Amino acid sequence: MRRNIVAANWKMNKDVQESYDFTKSLSKKLLNLKRTHIILCPPFTSLFYISELLKNSSIALGGQNMHYEKSGAFTGEISASMLKSSGCDYVILGHSERRHVFNESNELIKKKIDTALSNDLKPIICVGEKLEERQSGKTSEVIRTQYSSAFIGISEQKINQCIIAYEPVWAIGTGITATPEQASEVQGVIRNLVSEQYNREIADSMPILYGGSVKSANAKSLIETENIDGFLVGGASLVVDHFFEIINVVEQFSIGQEK
Ligand code: PEP
């Protein structure tokens, strides 16, 4: 059975003290959490400090981005080994804000994915269509292109290190959520792409998250939907109680599944 995952993407929010306070408070609330895997992706500046706090905790840390080179004259960039040595096991790559605000191409994202995997960092690879692409019936095509570019050449040994997040661009930070049917349909397309490239067993064990205006109010209907294994949460991950409520929905669902 796939493990349910809830990841927080804080984007450019929370200074070191705010990150610390949030993490301390969340850790206390999650003491009895058994089935859901939590990943916090704070700004780079908070990573190391938080990692000290999370030393004996099951909460994992991730970076929000990374450069594909090892080191060098890349002002303002962060390498895979810097993320690792700051306590990260994960890194978000291909987020729609990186693709569309910072013009990151599929080719660039692919280089980052390969670097992450060769440095033992698990990439959370985001894919998703823009509104005009959905409206012109191009969703599957866009997802296929983003998927193929990201996964080409990834071995069967490495594929189980990857997490995919389906994040329709029109749903991110807009308050508009994909319906469970819309999300499930595209996540099914992604699972079939994994199956075509590898096999059904690998596809069935691949965690595919949904992201885009997830809140506690819509989390239940989404997590109950086929092909959704958890969430990548932006806005609602900034307030401990809101984030905890989403985690709780996923945890209760996981417990129900095991009965
Ligand atoms: C995100 O940034 O990955 C995201 C899903 O944001 P939000 O939850 O705010 O839509």
Side-chain angles (χ1 to χ4, degrees), residues 4-14 18-19 22 26 36-44 46-47 59-66 83 88 90-104 109 112-113 116 122-131 133-134 139 142-143 146-147 150 162-180 182-184 186-187 190 207-223 225 227-250:
N4 293 117
I5 295 171
V6 181
N9 174 17
W10 291 352
K11 314 190 186 196
M12 197 173 72
N13 293 292
K14 295 194 189 297
E18 290 164 339
S19 304
F22 179 107
L26 183 71
T36 313
H37 184 49
I38 309 300
I39 307 167
L40 294 183
C41 303
F44 295 137
S46 298
L47 282 171
I59 300 175
L61 271 185
Q64 295 177 17
N65 184 29
M66 160 206 109
L83 288 181
C88 291
Y90 295 88
V91 59
I92 299 174
L93 295 174
H95 189 276
S96 74
E97 286 148 21
R98 299 301 318 174
R99 289 180 189 268
H100 304 301
V101 181
F102 296 96
N103 294 321
E104 291 195 5
I109 293 160
K112 294 182 180 200
I113 293 168
K122 300 180 179 94
I124 302 171
I125 302 165
C126 303
V127 296
E129 79 288 1
K130 294 194 262 185
L131 185 60
E133 291 166 336
R134 172 164 283 266
T139 300
V142 170
I143 299 297
Q146 292 176 346
Y147 172 89
C162 298
I163 296 172
I164 302 179
Y166 168 54
E167 297 211 309
V169 181
W170 47 273
I172 297 181
T174 57
I176 304 167
T177 319
T179 63
Q182 285 171 322
S184 175
V186 180
Q187 307 213 176
I190 297 171
I208 306 181
L209 313 183
Y210 167 78
S213 299
V214 174
K215 317 179 214 22
S216 58
N218 55 32
K220 186 166 185 288
S221 57
L222 286 161
I223 197 67
T225 307
N227 286 317
I228 299 182
D229 304 316
F231 303 119
L232 178 55
V233 188
S237 73
L238 293 173
V239 177
V240 181
D241 286 343
H242 296 177
F243 190 51
F244 176 68
E245 281 168 23
I246 295 171
I247 294 169
N248 209 21
V249 168
V250 175

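Note that ligands are numbered from 1 as they come in the structure, with each ligand's atoms numbered from 1 the same way. Because the structure is predicted, anything quoted here is derived from the model rather than measured.
With ligand atoms numbered from 1 in the order given, ligand 1 contributes 10 (O) to contacts under 4.0 Å with heavy atoms of Ala171. Here is the list of ligand 1 atoms found below 4.0 Å of a heavy atom in Glu167: 1 (C), 3 (O), 4 (C), 5 (C). For ligand 1 and Gly212, the ligand atoms under 4.0 Å from any heavy atom of the residue are 5 (C), 10 (O). Under a 4.0 Å criterion applied to the non-hydrogen atoms of Asn9, ligand 1 contributes the atoms 1 (C), 2 (O), 3 (O).
Considering every non-hydrogen atom in both Leu83 and Asn65, the closest pair reads CD1-O, 3.7 Å. The nearest pair of heavy atoms linking Pro123 to Ala116 is CB-CB, 4.5 Å. In terms of heavy atoms, Thr177 sits closest to Ala171 at CA-CB, 4.4 Å. When all heavy atoms of Val142 and Gly128 are compared, the pair lying nearest together is CG1-O, 4.1 Å. Residues Val169 and Ser96 share a closest heavy-atom pair of CG2-CB, 3.9 Å.
Any N or O atom pair closer than 3.5 Å counts here, and Gly234 shares at least one such pair with ligand 1. Looking at Gly235 next to ligand 1, an N or O pair under 3.5 Å apart turns up. In terms of polar-atom proximity, Gly173 is counted as a contact of ligand 1, with an N or O under 3.5 Å from an N or O of the ligand. Considering backbone and side-chain atoms together, Lys11 places an N or O closer than 3.5 Å to an N or O of ligand 1.
His95 NE2, 3.2 Å is the protein heavy atom nearest to atom 1 (C) of ligand 1.
Counting heavy-atom neighbours within 6.0 Å of Lys215 NZ, excluding the residue itself, gives a total above 12.
Under a 3.5 Å cut-off, the side chain of Arg99 and the backbone N or O of Gly94 do form a donor-acceptor pair. Looking at Asp229, its side chain never comes within 3.5 Å of a backbone N or O of Leu209 through a donor-acceptor pair.
For the ligand labelled ligand 1, residue Cys126 lies outside the 4.0 Å heavy-atom shell. Between Ser213 and ligand 1 there is a heavy-atom distance shorter than 4.0 Å.
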